[in-house]
Amino acid sequence: MNDTPDRKYLVPEKPTLDNIEAHWIANWDQIGINAFDRGATRENIFSIDTPPPSVSGSLHMGQVFSYTHTDAVARFWRMRGKSVFYPMGWDDNGLPTERRVQNYFGVSCDPSMSFNPSFAPPFNGDVPKGHRSVAISRPNFIQLCEQLTQQDEKVFEYLFRRLGLSVDWSLLYTTIGDRARQTSQQAFLNNLARGEAYSQEAPTLWDVDFRTAVAQAELEDRERPGAYHSIAFARSDGIGDVLIETTRPELIASCVALVAHPDDARYVPLFGRTVRTPLFDVEVPVHAHELAQIDKGTGIAMVCTFGDLTDVIWWRELNLPTRVIVGRDGRILAESPEAITTPRAKETFAQLAGKTVKQAQTTIVELLRTSGELHGEPRPTTHPVKFYERGERPLEIVSSRQWYIRNGGRDPALRDSFLQRGTELAWHPEFMEHRYDNWVEGLIGDWLISRQRFFGIPIPLWYRLDANNEPDYDNPLKPSLDQLPVDPSSDVPTGFDESQRGIAGGFAGDLDIMDTWATSSLTPQIAGRWIDDHELFARVFPMDVRPQAHEIIRTWLFSTIVRSHYEHSSAPWKNAAISGWILDPDRKKMSKSKGNTVTPFELFEKYGSDAVRYWATSARPGVDTAFSEEQMKVGRKLATKLLNVSKFVLGVEVVDSRVTPSEPIDVAMLQRLAQVVTESTVAFENFDYARVLERTEAFFWWFCDDYVELVKTRAYDTTAQSASAVIALYRALNTLQRLFAPLLPFVTEEVWSWWQPESIHLGPWPTSDGILDDVVSHDDGEQLLFTVSEVLSHIRRSKTEGKTSQRTAVEYLKISGTANQLNFINSCMDDLRNAGGLSKIELVTHDQDAITVEIRLAPNSR
RNA sequence: GGGCGCUUAGCUCAGUUGGUUAGAGCAUCUCUUUUACAAGGAGAGGGUCGGGGGUUCGAAUCCCUCAGCGCCCACCA
């Protein structure tokens, strides 16, 4: 191996970490070290399904953290000689972008309007207060979304480069761009053709503020105050009342039944009979159902359409009628359900009409109190309520027509096949697989993919309108694949023209868009150019790894498996590398809302990118980790040390570069290093960048503190023993720089450039053979190093305890140890003598395990 | 209620199949300008490895059990 290339080294007088990032980023771009070589064969490609960050906010520490992990692994494989497929994507599709665009330009989207090619936004980021937003067509709105996200994307790209991500930027994609739209629509049409996608009119979780349907995966529970209300339903047979408890008395008008458990003796006599709803005088049946809980409330529950998901189950399984009273804006409808017939009831309903759910509750409680049907006062409680994760008011359940993709939530056999796909992945760390299984096993319905929003990928369908202007949902009009991407709100289906839009006998475009996950679930296909570059796709898919955070296993990871299963009958990747979260130093999940959070850019400036990467890669894979500037300081110290020790080694003159390391301590050091290389290689292959750092770093500090100190004097000499040390030093330096390269790409490239012609990042990755192939190894190298370090440590301790400089000479040293130990000492006696400043030395054999040392320091020269 | 993870020094964490006296960094204290590095270096103090029980020649490590913390899911009358 070429440890010591024959050239003048360019070691700076005063090595520094300042501004090395800008210099090397420019250099790497110029020589193209990150470029994916698509000519490589599949076995020589390492492909990464990079998470596309949402660009609507700013880069946060969690992203710095997890993207660094992936980059370290990517750099490792690149050094191993693989062609690394490392794309970046911008997730600019979806609600966060919509909200920014509305506020930034002062516009709102009306998908029923048609495209205006000469539209210009009324404002550019300076929307005055009180401005009424201008309604524009969906294509115009999307143009503005693209315009704004492009600005944000520039900032993100700069920060990712500054962090040192070795992304091939020519592979960039966006989740709203043409390729993503085409991919997403084509995959949807394939799902539709194979029966994996279907539309259905059904109860749907609905956000009343965003006015869109929401999927199970986007729900979260929040503890909210509420109150139990005891309400009397009159028995139709006149024998008294039935008391129910509810937290939602405002829904009495939508009550369609009462249910109790079949074994509940209190209510058995009521099953099959009816009761009358208070205030609204509607006769509703009493049913038995297993899901009713005997010990909850009074044991008998009011079924409304719809108060919660259990209501939906009862409604479906008991074939109950539908009485909708809550509108899609979260207010009580103007029209009462048909079942409400008496004048008193109609008048009561009129008092609720138009009110929000909350206002309606206040009113109805007052009415019940007056009528005497409220028993006692409401008893306050707190209970979990379902929210859309981005929403601010509880979800309602409305009946609406939506598109679904089958995900096994209603089909045990299909569910099993998704569980099986999960087992085909290697999970890092392994226990993360439980989260996946847990989620798939808990699915209660198919995946709802349609959203009543604007900035997203349209459902690529139109519907014929019959003579009554009613859409024919069962026979949608589909675009051909070469028409994709389409926007049904402005494009026209084949065989029709624009004048027929919305009129009887004509057509209507589906105005819904797909859920953001419906597109993100296709990132391997989008990045790998499934639709337009089959040769490339075959080379990168299934991808080697999906790196991602654990909270989106249920969304992104699962949905990607679903799409891949349908489209390719395989898992989408071989490995799933799950990263942890960043926690505040107080160990709470780090929140963006905290005012004085440091930005990544400030940290890059303050400590250097390598130091920030050091912090990120010192966390074990998958473990939630506290944000720590202290760790970054340590990382900077390490980088500085690497500069200095490189300067030292490269300052030693190489007399003959063909020499083989032969001195026992030099060989033992190289053997220890070879062990580190072996362990690091295995660790990287298992995505355990943290172990690589730990092992390499531990060796590195020992190397600097003990080995270099021991051999320093000998290395300056010109004897045969000297040559052994010099070669060992160079070989170790060469190896250490490469071991650190995936973790600390900037400083390693800097020190490598002082003496090597090519970029360190093009490899090769070190091997244990490369270190030892010309060396005669010894089995007891570790014991030798251990023994020598111990003696050295004794000498140092004595000097410290004697409160004197480490340079102080030792007049007399007596070492007692086993014959073996004394042999080790003897084999590097000169190094020890030089490092310790020793003169008279006596070696005494004893048969205890521990070495003992007696020292007499020279009188202090001062 | 189900599942998963965690609990080791003041703090943040390693400790890979059970094996010398349980480690590192930070923090604290002491010494030290040394010619790669003072934005250095050398050392010291500090832990009954969450509690209890078991297996074993031997347990931070394996088993049982209890407790605390965190997360995911479920429950929502």
Side-chain angles (χ1 to χ4, degrees), chain A residues 11 14-17 219 221 223-224 226 228-229 231 244-249 251 258-260 291-293 296-304 307-311 314 381-386 394 429 431-439 441-444 550-551 553-554 580-581 583 585 587-589 618-620 622-626 628 630-631 633-652 679 682-683 686 688 690-691 694-695 697-698 701 704-705 708-709 712 716 792-793 795-808 849-850:
Chain A
V11 183
K14 188 79 189 160
T16 176
L17 299 173
L219 303 183
D221 285 350
E223 281 292 328
R224 281 298 130 108
Y228 289 115
H229 303 75
I231 296 172
I244 62 110
E245 295 225 316
T246 179
T247 55
R248 301 204 60 184
L251 295 180
L258 300 188
V259 288
L291 274 183
Q293 292 178 34
K296 197 126 195 178
T298 56
I300 186 162
M302 166 173 90
V303 184
C304 302
D308 61 41
L309 292 172
T310 321
D311 283 347
W314 284 325
T381 178
T382 60
H383 59 153
V385 179
K386 289 214 182 301
F431 67 81
M432 288 294 180
E433 186 174 359
H434 294 293
R435 302 219 174 179
Y436 177 82
D437 294 346
N438 212 217
W439 173 254
E441 283 161 6
L443 287 168
I444 54 171
H550 54 67
E551 80 270 26
I553 288 175
R554 67 176 184 170
W581 279 334
L583 308 173
R587 308 217 44 83
K588 296 271 160 44
K589 188 180 175 187
S618 59
R620 322 305 298 182
V623 174
D624 293 347
T625 301
S628 165
E630 289 309 310
Q631 275 295 96
K633 288 180 190 166
V634 177
R636 187 172 179 86
K637 213 174 102 171
L638 173 64
T640 304
K641 191 79 174 176
L642 192 54
L643 290 178
N644 285 317
V645 80
S646 296
K647 182 181 177 205
F648 166 74
V649 172
L650 298 178
V652 175
E679 281 184 62
V682 172
N686 288 301
D688 194 351
R691 181 170 300 280
E694 181 201 71
R695 289 303 151 102
E697 190 186 16
W701 286 108
C704 293
D705 295 342
V708 170
E709 290 301 324
K712 200 182 237 179
Y716 279 131
L792 190 60
S793 160
I795 296 168
R796 287 168 169 169
R797 190 179 307 130
S798 301
K799 292 180 180 178
T800 300
E801 280 164 4
K803 299 197 182 242
T804 180
S805 158
Q806 291 295 323
R807 291 186 84 188
T808 305
D849 284 346

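Here is the naming used below: chain letters follow the sequence lines, and residue numbers restart at 1 for every chain. From a predicted model like this one, the values you see are computed outputs, not experimental measurements.
Nearest to the side chain of A:Arg797, among B:C37, B:A44, B:G5, sits B:A44. You'll find that the side chain of A:Phe431 is closest to B:G5, out of B:G5, B:C75, B:G15. Here the nucleotide nearest the side chain of A:Arg796, chosen from B:G2, B:G43, B:C4, is B:G43. Among the nucleotides B:C71, B:G15, B:A42, the one closest to the side chain of A:Arg691 is B:G15. Among the nucleotides B:A42, B:C4, B:G43, the one closest to the side chain of A:His434 is B:C4. Taking every side-chain heavy atom of A:Arg620 into account, B:G15 is the closest of B:C75, B:C72, B:G15. Checking B:A36, B:C73, B:A42 against the side-chain heavy atoms of A:Asp705 singles out B:A42 as nearest. Side chain of A:Lys296, nearest nucleotide from B:A36, B:C75, B:C73: B:C75.
Put simply, the side chain of A:Ile795 reaches to within 4.5 Å of the side chain of A:Lys799, judged on heavy atoms.
A:Asp624 contributes a side-chain N or O that, together with a main-chain N or O of A:Trp581, makes up a donor-acceptor pair within less than 3.5 Å. Using a distance-only test at 3.5 Å, with no hydrogens or angles considered, no donor-acceptor pair links the side chain of A:Ser646 to the main chain of A:Asn644. A distance-only check finds no donor-acceptor pair linking the side chain of A:Lys386 to the backbone of A:Asp221 [under 3.5 Å]. For A:His229 (side chain) and A:Thr247 (main-chain N/O), no donor-acceptor pair under 3.5 Å exists by modelled atom type. No side-chain donor-acceptor contact under 3.5 Å links A:Asn686 to the backbone of A:Asp688. Although no hydrogens or angles enter the test, the distance criterion places a donor-acceptor pair under 3.5 Å between the side chain of A:Asp311 and the main chain of A:Gly307.
Note on A:Ala292: a base of the nucleic acid sits closer than 4.0 angstrom, heavy atoms only. Counting any heavy atom pair closer than 4.0 Å across all strands shown, A:Glu709 reaches a base atom. Residue contacts for A:Thr310: at a heavy-atom cut-off of 4.0 Å it reaches the sugar-phosphate backbone alone, with no base atom in range. Residue contacts for A:Gln293: at a heavy-atom cut-off of 4.0 Å it reaches a base atom on one of the strands shown. Counting non-hydrogen atoms under 4.0 angstrom, A:Tyr716 reaches the backbone sugars and phosphates but no base. At a threshold of 4.0 angstrom between heavy atoms, the contacts of A:Arg224 with the nucleic acid are absent.
The same atom, C1', is picked in B:G46 and in B:U12; the two are 16 Å apart, to the nearest Å. Here, B:A22 and B:C63 have their C1' atoms 22 Å apart, quoted to the whole Å.
Donor-acceptor pairing under 3.5 Å is recorded for the side chains of A:His550 and A:Arg435.
Following rounding to the nearest Å, A:Leu638 (CG) and B:A36 (C1') show an atom-to-atom distance of 15 Å. Taking atom CD of residue A:Gln806 and atom C1' of nucleotide B:A44, one finds them 13 Å apart after rounding to whole Å. Per the geometry, NZ belonging to A:Lys633 stands 14 Å off C1' belonging to B:C11, to the nearest Å.
Comparing A:Ile300 and A:Leu219, the nucleotide of RNA chain B nearest to each residue sits closer to the 5' end for A:Leu219. For A:Ala301 and A:Gly442, each mapped to the nucleotide of RNA chain B holding its nearest heavy atom, the one lying further toward the 5' end belongs to A:Gly442.
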_I'd like to know whether A:Thr640 forms a side-chain contact (heavy atoms from CB on, under 4.5 Å) with A:Leu17, so could you lay out the CA-CA distance, the side-chain angles of the two residues, the decisive distance to 0.1 Å, and finally the verdict._
CA-CA 7 Å; A:Thr640 304; A:Leu17 299 173; 3.7 Å; yes

For A:Ile231 and A:Thr246, run side-chain contact (heavy atoms from CB on, under 4.5 Å): C-alpha distance rounded to whole Å, both residues' side-chain angles, the deciding distance at 0.1 Å, then the answer. CA-CA 8 Å; A:Ile231 296 172; A:Thr246 179; 3.7 Å; yes

Annotated structure of RNA chain B as dot-bracket, pair cut-off 3.5 Å, Watson-Crick or G-U only, | for inter-strand, is (((((((..((((.....[...)))).(((((.......))))).....(((((..]....))))))))))))....

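Applying the 4.0 Å criterion to OP1 and OP2 of B:U32, one finds that A:Lys799 has every side-chain N and O outside that range.
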Please produce a list of atom pairs where a protein N or O lies less than 3.5 Å from an N or O of nucleotides 23-29 of chain B.
from  : atom 1 : to       : atom 2 : distance (Å)
B:C26 : OP1    : A:Lys637 : NZ     : 3.0

